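Each remark here refers to the structure printed beneath this line.
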Amino acid sequence: MIRFDENTKVFRIDTSKTTYVLGINENQQVQSLYWGARLADGDHFAAAKAMPGHSSFDLPVTTTPHEYVGWGGGLYVEPDLKITFPDGNRDLALKYVSHKINGDELDILMKDISLEVYVTLQYKADGETGIIRRSAEIENRTNEQFTIEQAFSATWNLPRGTDYRLRYLSGRWGAEWNVQQQPVQPGKTVLESRRGTTGHQNNPWFAIDREGSNDSEHGSVWFGALGWSGSWEITVEQDTLQQVRISGGPNSFDFGYRLQKGEHFQTPYFYGGYSSEGIGGASRLLHRFEIDSILPHAPHPALRPVLYNSWEATEFNVDEAGQMALAEKAASIGVERFVMDDGWFGQRKDDHAGLGDWYVNPQKFPHGLKPLIDKVHSLGMDFGLWVEPEMVNPDSDLYRKHLDWVLNFSGRPRTEARNQLVLNLARPDVREYVFNVLDKLLNENDIAFLKWDYNRNWSEPGWPAVAPEDEKKVYVDFIRNYYSILAELREKHPKIEIESCSGGGGRVDLGVLRLTDEVWTSDNTDAFDRLLIQNGFTYAYTPGVMMAWVTDSPTWVNHRTLSLEYRFLSSMQGSLGIGANLNKWTPEDFDTAKKMVAQYKGIRETVQRGSLYRLITPENNSEQSVTESVSRDGHQAVVFAFLHSSTELYPFPRLYLRGLDAKAVYRIDAMDSRLAPDTPAEASGAYWMEHGVDVELRGDFQAAAFTLERKN
Ligand code: GLA
């Protein structure tokens, strides 16, 4: 619920468990007043009052916690908006003009003190999770053009305090989703991508708790995530008066967007939330929000089918007979979707050629894709295909014909990565080409699923075809066109499902998740490494989109040997896929796989839609990793437990479950035979949570799983 008090000029946004308060101060600035746990209805807020400033060096504009501030006056903290006007003026001072409340949405209109520059701060509150979606719309009503040099989506101000700790995600190819933590101290921490895309190296998510509240299930946590798949930036800043503010949006580095008279600029969404149940609670709120409000078909996105993917088995050596043979084997273990990966198009023999030429390779598939797709259908599976539409190999017909279609600066080198260049999707002709290629593919073939890949980041991000003053628009227009292609394809082909992949988890954010159904978590498919990778992933994103394949052992990644059961249990914590070379499997492997795929189908709703509890995280070289998921209806819980290596005869730690109904009775079912022999067959939720469960894991790389089914 959103209320406005006319006397105090205070806005109050209440959701089931949170309250967010802001007000208009005596200088007509929009100022933050409170963000945290739900307050009593009768709690009263005095009118906002600008902060006094600190000596002649830090003026009130710098010390006041603005909701959204232009760079102007003597502002030294991170601005939300910075504009250069044609006369050289770069001063911008935004003041409140008016507002509109519409259900759970609030719009606040601001305007510069003299220029006809308008900014609408947009808020939308989700009553259930308390997550607030913020964005700003910048409007040029002057008589000239001007250039936006920084256009953030929002600033979030934390309650005054000096004991904050920041968590964020770092990584690199093959090693995404590392959870980092550090105290928030005076100065600024910048999380960012300058790569033109989301990136593996940082992910646009943060969580801040009070230092010392180390328990993952208790204590205040403020968190946020940006919905933007281009270069992005989140700054966490503790100012001179020890106030912490978090700002974010498209990266301000090399940014420039010329706005013509009458034009608008809409910033990406920046989502923020609060949990009093620790970092575990913060993740669960985000997971729920993604499922209920972000994903295509929300609040009822389809469960992920068990898929098979050919990449690790065949790499580029795909052909009709080979894929049909794999499809038969995949179907025999209960796979529901067969995906042919890279190698099927153009002159694609390896990664040196073919990208850009999206015709079916006639040597590999002399009769087109139809015979394979028909075969896959006859085996009871649907068919998926790999594409990488924003890229081109210089060795391709497309590049030979359109040298000017790639990102480049005139007369400068065109740096290749994986022998490919990035098409400039901001160009209308490139956007049209890419859309038509995919539309045709979907019109001509019965394809249920696209794995949309993106295997490099940008270099030389020039756009010589437009005026030099507009070249930097590429950072925004590229992403807008990317989103619009996804949206248009989905509209024309409503049954299509899409996976966002970028050499693993390089393009995962709340922007792309509005238009794709799942994501590829990492190219690293080693089931032990995956425990750490998947653990980090779930801080920000639901296991319901986290694709996890069972691949061969020893793994190509680090030559580790792991049992097939271990590999399955690791992948079953997310959305299960198989990526192994089934031609090498023994009859016993097929039996094991068949059993485990069937088990997965019995728990997948709980894993993909339920509440996740990290009972033991594998962070900090922990010898164990344990997750528990509880279904939304509370009828099922599933626990996965992994041991790296036994030491000094210690037993595996006892597992104290969470999220059960203390009074209900649950029947325990070991999916393998690792439960301690004295485990009762049935007990109360209180028993499982307070007494706990012992699993017998000894040795190296051991894994166990069990379920609890509620009886009453
Ligand atoms: C990327 C993906 C892989 C695979 C290859 C194909 O690296 O992440 O899963 O599709 O491309 O070239």
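Note that the structure is predicted; figures quoted are calculated from it, not measured. Whatever order the structure lists ligands and atoms in, that order sets their numbers, starting from 1. The basis for the numbers below is simple: all heavy atoms, side chains too, and nothing from hydrogens, waters or symmetry mates. Along the sequence shown, residues carry numbers from 1.
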message = Check this for me: does any side-chain nitrogen of one of E388 and R507 sit under 4.0 Å from a carboxylate oxygen of the other?
response = no
remark   = Less than 4.0 Å from some atom of ligand 1, heavy atoms are found in residues W311, D341, D342, W386, R418, K451, D453, N455, C501, G503, G504, W520, D523
task = Please report the shortest heavy-atom distance between Y475 and P461, naming the atom on each side.
result = OH-CG, 3.5 Å
query = Does any donor atom in the side chain of R348 or N393 lie under 3.5 Å from an acceptor atom in the other side chain?
reply = yes
note = Closest non-hydrogen atoms of D509 and P204, given as atom of the first, atom of the second and distance, are CB-CG, 3.9 Å
ask   = Charged N to carboxylate O below 4.0 Å: is that the case for R400 and D395?
value = yes
query = Going by distance alone, is a donor N or O of one side chain under 3.5 Å from an acceptor N or O of the other, for Y566 and S553?
reply = no
